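Scroll down for the structure; my scribbles are underneath it.
All heavy atoms count here, side chains included; hydrogens, waters and symmetry mates do not. Being a predicted model, the structure only gives us computed values, none of them experimental.
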Amino acid sequence: MGVMFLLLAVIIYALMFEPVYSVVGIPVSLFEFLMVALCGWFYGIGVGIFAGLLFALAGTLLLTQFGEPFNWQVDVLIWIFEIGLGIISGWMGSLHRKIKNQRNIAMDALRLKDFAVSSSISAIAISNLDGTLTYVNPSFLKMWGYKTDKEILGKPEIKLWKYTDQ
């Protein structure tokens with residue numbers, strides 16, 4: 001989703017500011033756009049704002065150096081756009097890192113629980129609502145006399161009992 005946002009913003013940026021950047025060219029404007037977005041994504045909102053300010057100022061100075069007159073309306077719009085880009089990309093990058101961190105925490109907790117169940121000395125079996133066995137731990141296999149879980153998984157749990165009609 002972040003990559004799609006970045007590509008959409010690049011297209012909008014190029015179309016919006018093409019007349020302004022006719023002197024220095026679209027590649028320079030896209031370079032500064034990508035640098036601001038990447039600084040925000042990887043280093044956070046503060047660095048994104050700083051990069052936006054830095055590249056907006058550098059772009060304005062570069063335009064005036066090539067003889068382009070300083071236009072407050074356009075230059076301020078570019079500054080706002082680049083600073084906003086730094087804020088948005090920084091926020092999205094920090095949100096991405098937070099989600100990834102929460103996913104890693106959940107996966108670690110799941111691994112710990114899986115280890116606890118599989119290494120338990122108590123026999124543990126899990127079945128679905130139909131009564132079909134979906135998981136058995138090694139203690140369960142040992143208690144019931146099976147060698148591998150493939151022998152029992154997928155079978156109804158009622159098959160474990162000697163007198164199934166009772």
Side-chain angles (χ1 to χ4, degrees), residues 1-122 124-129 132-139 149-150 153-154:
M1 173 147 171
V3 174
M4 290 178 59
F5 164 75
L6 190 63
L7 290 174
L8 180 66
V10 165
I11 292 168
I12 291 170
Y13 188 80
L15 293 175
M16 230 166 81
F17 297 117
E18 181 196 4
V20 177
Y21 284 109
S22 59
V23 176
V24 290
I26 294 294
V28 172
S29 67
L30 294 180
F31 171 75
E32 40 178 79
F33 176 87
L34 289 174
M35 290 307 294
V36 170
L38 293 175
C39 284
W41 180 269
F42 288 111
Y43 299 110
I45 295 173
V47 175
I49 291 172
F50 179 74
L53 279 171
L54 185 69
F55 277 103
L57 180 62
T60 303
L61 292 175
L62 188 63
L63 285 174
T64 55
Q65 190 69 22
F66 280 106
E68 203 57 39
F70 187 76
N71 185 349
W72 276 102
Q73 293 86 6
V74 173
D75 288 338
V76 168
L77 185 64
I78 291 172
W79 287 31
I80 290 171
F81 191 85
E82 289 191 9
I83 292 168
L85 171 68
I87 291 169
I88 291 170
S89 63
W91 177 77
M92 288 182 69
S94 63
L95 180 67
H96 173 74
R97 284 186 291 281
K98 185 176 182 178
I99 291 170
K100 189 175 178 182
N101 187 32
Q102 288 176 345
R103 180 180 173 271
N104 288 341
I105 290 170
M107 291 297 289
D108 289 344
L110 188 61
R111 278 189 209 103
L112 179 65
K113 289 173 186 167
D114 180 55
F115 177 74
V117 169
S118 65
S119 64
S120 174
I121 60 171
S122 299
I124 298 174
I126 300 173
S127 66
N128 61 17
L129 293 175
T132 305
L133 291 171
T134 57
Y135 174 81
V136 291
N137 70 347
S139 296
D149 60 352
K150 292 181 182 22
L153 291 182

Side chains of residues 105-114: which donor-acceptor pairs under 3.5 Å do they make with residues two or more places apart or in other chains?
{"unit_1": "Asp108", "atom_1": "OD1", "unit_2": "Arg111", "atom_2": "NH1", "d": "2.7"}

Set of residues satisfying side chain to side chain contact (heavy atoms under 4.5 Å, CB included) with respect to Tyr135, sequence neighbours excluded: Val117, Ser118, Ile126, Asn137
Shortest non-hydrogen contact from Ser139 toward Ser122: CB-O, 3.5 Å
Rounded distance (nearest 0.5 Å) linking atom CH2 of Trp41 with atom CG of Leu95: 8.0 Å
Tyr43 side, atom OH; Ser89 side, atom OG - distance, nearest 0.5 Å: 12.5 Å
Of all pairs that satisfy salt bridge (Lys or Arg N to Asp or Glu O under 4.0 Å), the ones with a partner from residues 88-106, not counting sequence neighbours: none
Non-neighbouring partners of Ser127 that pass side chain to side chain contact (heavy atoms under 4.5 Å, CB included), sequence neighbours left out: Leu133, Glu157
Contacts of type side chain to side chain contact (heavy atoms under 4.5 Å, CB included), residue Ile45, not counting sequence neighbours: Ile49, Ile87, Trp91
Residues which pass side-chain hydrogen bond (donor to acceptor under 3.5 Å, both in side chains) with Ser94, listed by chain and number, not counting sequence neighbours: none
